[in-house]
Protein chains: 2
Amino acid sequence: MIQPRPRTIPEATVARLAVYLRALTTLAEGGRSSVSSGELAEAAGVNPAGLRKDLSHLGPCGVRGVGYDVQTLRDRIARVLGVEHARACVLVGIGNLGSALADYAGFGTRGFEFVGLFDAAPARIGQPIGGQTVRPLDELADVVASTGASIGVITTPAEVAQSVCDRLAVAGVRSILNFAPVPLVAPDGVDVRKVDLSVELQVLAFLGQQRLVSA
Amino acid sequence: MIQPRPRTIPEATVARLAVYLRALTTLAEGGRSSVSSGELAEAAGVNPAGLRKDLSHLGPCGVRGVGYDVQTLRDRIARVLGVEHARACVLVGIGNLGSALADYAGFGTRGFEFVGLFDAAPARIGQPIGGQTVRPLDELADVVASTGASIGVITTPAEVAQSVCDRLAVAGVRSILNFAPVPLVAPDGVDVRKVDLSVELQVLAFLGQQRLVSA
DNA sequence: GCGACTTTGTTCCTGCGTTCACAAGCGGTT
DNA sequence: AACCGCTTGTGAACGCAGGAACAAAGTCGC
């Protein structure tokens, strides 16, 4: 028995699938029922050939000569990404960035629901944000256990990010999104992704400076 | 006359240089004057050999058998990245995320200063945030011209992101950081980088689901 | 019913990024 | 002054992502 489809999808492809998913949702809301790779690629800002290659990881899901069915493809990508039903998330560190994320509507509409907001500062505890109330860190384990939250988001200062990461892992969170500017180490079986906002600005600064030099 | 050092530094390397820069700043504040590639690599969360290769793009900047001088290396990276002196930025879209970024101390300490906050909603204009006052979009061109801002940050809804991008380009902004979930097209000579927060969460969801399947 | 056109799925290839491994160079020691 | 250990810098190989071109397949028109 052969294994016609490798179980591993490249991470770069996964990231683009999320973009396609959003574009498809927009198309569906606009009433479109079918779309070609060229159109979808333009909406997602990628190369049409690359898009088809990405989709080929899901198995044949288009009709030659016609294109892709918007609804079918949308459901298929959502299932592969694991976002067909809502996922519970917890957020630790309710500063400016944490508050913005807790309030950010873009997460809720894509199937991510914050079921717990946590902070260490007594002044912030009890504060209402985005339909939730900020809780003390002591309640983290209980909330994760009772809600089954599998994703944790860290928006704390860098100094405490590692200890928060440890507590999330112990509580049972399996995936962590880290906004603190430090590399985190987590036990096996726990995935960590890092988003570094100031790095993006610094890359931009470099590109801008380079253009001046080469001009 | 040969050109011993190629002028182009890979973008992946540039992003890591920004991480090294932060780690070096932390080390300098801790009083360290010298550091080896192994130590710095651990602080940055990368492979030591890769770190040395990254630094080799700057030319020889370490001493064999000893390591790197923290202060010298820090200055050199800052100069290459173009962040040796502060850079003026403008921010358009003062919602939750925009407010958080305007208030985020991490930018200021890394040489990025917001010199203008803009929004289209009359209700937000005049509102004070992070030492600045929110202005109407009409003043964008004037502020960019008078301050020489070279970097623009877009945190608007997706629907208006492209028009804001166009206005920034016309006003003279050369580098744009886009948080809106749409691909932007900009004229030649204007760099655009995209940060998509919900994509990061969806990649995490995929990794988490994949672990369940393979287990 | 048949042909031509459209669009997908795949294959090949080129280039880049990453990693390993080794040679070169410097400081400290005897 | 010569040796030894340590660390940097670089060369080579590997794997991966991206792009272009081609074959397969389905639909529309006649």
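Numbered from 1 within each chain, the chains take letters A, B, ... in sequence-line order. Computation of the quantities below employed the complete heavy-atom set of this structure, encompassing side-chain atoms and omitting hydrogens, waters and symmetry-equivalent molecules.
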Q: Is it the case that B/D54 and B/T13 place a side-chain donor and acceptor less than 3.5 Å from each other?
A: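 Per modelled atom types, B/D54 and B/T13 side chains form a pair under 3.5 Å.
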
Q: Would you say C/dC20 has OP1 or OP2 under 4.0 Å from some side-chain N or O of B/N47?
A: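 So the side-chain polar atoms of B/N47 do come within 4.0 Å of the phosphate oxygens OP1 or OP2 of C/dC20, strictly under.
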
Q: On the nucleotide D/dG26, are OP1 or OP2 found under 4.0 Å from the side-chain N or O atoms that A/Y68 carries?
A: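 No, outside the criterion.
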
Q: Expressed as a whole number of angstroms, how long is the span from A/H57:NE2 to C/dT8:C1'?
A: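 To the nearest whole Å, that distance equals 16 Å.
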
Q: Between A/E11 and A/R16, does any side-chain N to carboxylate O distance fall below 4.0 Å?
A: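 Answer for the salt bridge query: no.
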
Q: Is any NZ, NE, NH1 or NH2 atom of the basic residue among B/E200 and A/K194 found under 4.0 Å from an Asp or Glu carboxylate oxygen of the other?
A: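 Salt bridge: no.
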
Q: D/dT10 C1' sits how many Å from B/D54 CG, rounded?
A: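 Value for this atom pair: 14 Å.
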
Q: Classify the nucleic acid contact of A/G50 as base, sugar-phosphate or nothing, counting any heavy atom under 4.0 Å across all strands shown.
A: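 If one applies the 4.0 Å heavy-atom cut-off, A/G50 turns out to touch nothing in the nucleic acid.
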
Q: Does any donor atom in the side chain of B/R22 or A/S198 lie under 3.5 Å from an acceptor atom in the other side chain?
A: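 Yes, because at least one side-chain N or O of B/R22 sits under 3.5 Å from a partner of the opposite role on A/S198.
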
Q: Does this structure show an ion pair linking B/R76 with B/E84, if we count only N-O contacts that are shorter than 4.0 Å?
A: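 A salt bridge is absent here (no side-chain N lies under 4.0 Å from a carboxylate O).
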
Q: Classify the side chain of A/K53 versus the base of D/dG19 as yes if they form a donor-acceptor pair under 3.5 Å and no if they do not.
A: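 In this structure, the two groups form a donor-acceptor pair.
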
Q: So, B/Y104 versus A/N96: side-chain donor-acceptor pair below 3.5 Å or not?
A: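 Note: B/Y104 and A/N96 side chains miss the donor-acceptor criterion.
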
Q: Would you kindly give the CD-to-C1' distance between B/E11 and C/dC16, to the nearest whole Å?
A: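 Roughly 13 Å, once rounded to whole Å.
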
Q: Starting at the 5' end of nucleotides 22-30 of chain C, put B wherever the base has a protein heavy atom under 4.0 Å, S where only the sugar-phosphate does, and a dash everywhere else.
A: --BBBS---

Q: Quick one, which residues of residues 12-44 of chain A touch DNA chain D with a heavy atom under 4.0 Å?
A: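 Output list: A/R16.
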
Q: Is there a donor-acceptor contact under 3.5 Å linking the side chains of B/S37 and B/R52?
A: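 The answer is yes; a qualifying pair exists.
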
Q: If we count only N and O atoms by modelled type, under 3.5 Å, do the side chains of A/D69 and A/S34 hold a donor and an acceptor together?
A: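 There is no such pair (donor and acceptor under 3.5 Å, judged by atom type) between the side chains of A/D69 and A/S34.
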
Q: Please determine, for the side chain of A/A49, which listed nucleotide (D/dA17, C/dG9, D/dA20) has the closest atom?
A: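 Out of D/dA17, C/dG9, D/dA20, the nucleotide with an atom closest to A/A49's side chain is D/dA20.
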
Q: Nearest-Å distance, CG (B/L51) to P (D/dT8)?
A: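 Spelled out: CG on B/L51 to P on D/dT8 is 9 Å.
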
Q: Quick one: are B/V182 and B/Q162 in side-chain contact, heavy atoms under 4.5 Å?
A: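 Of all side-chain heavy-atom pairs linking B/Q162 with B/V182, none is under 4.5 Å.
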
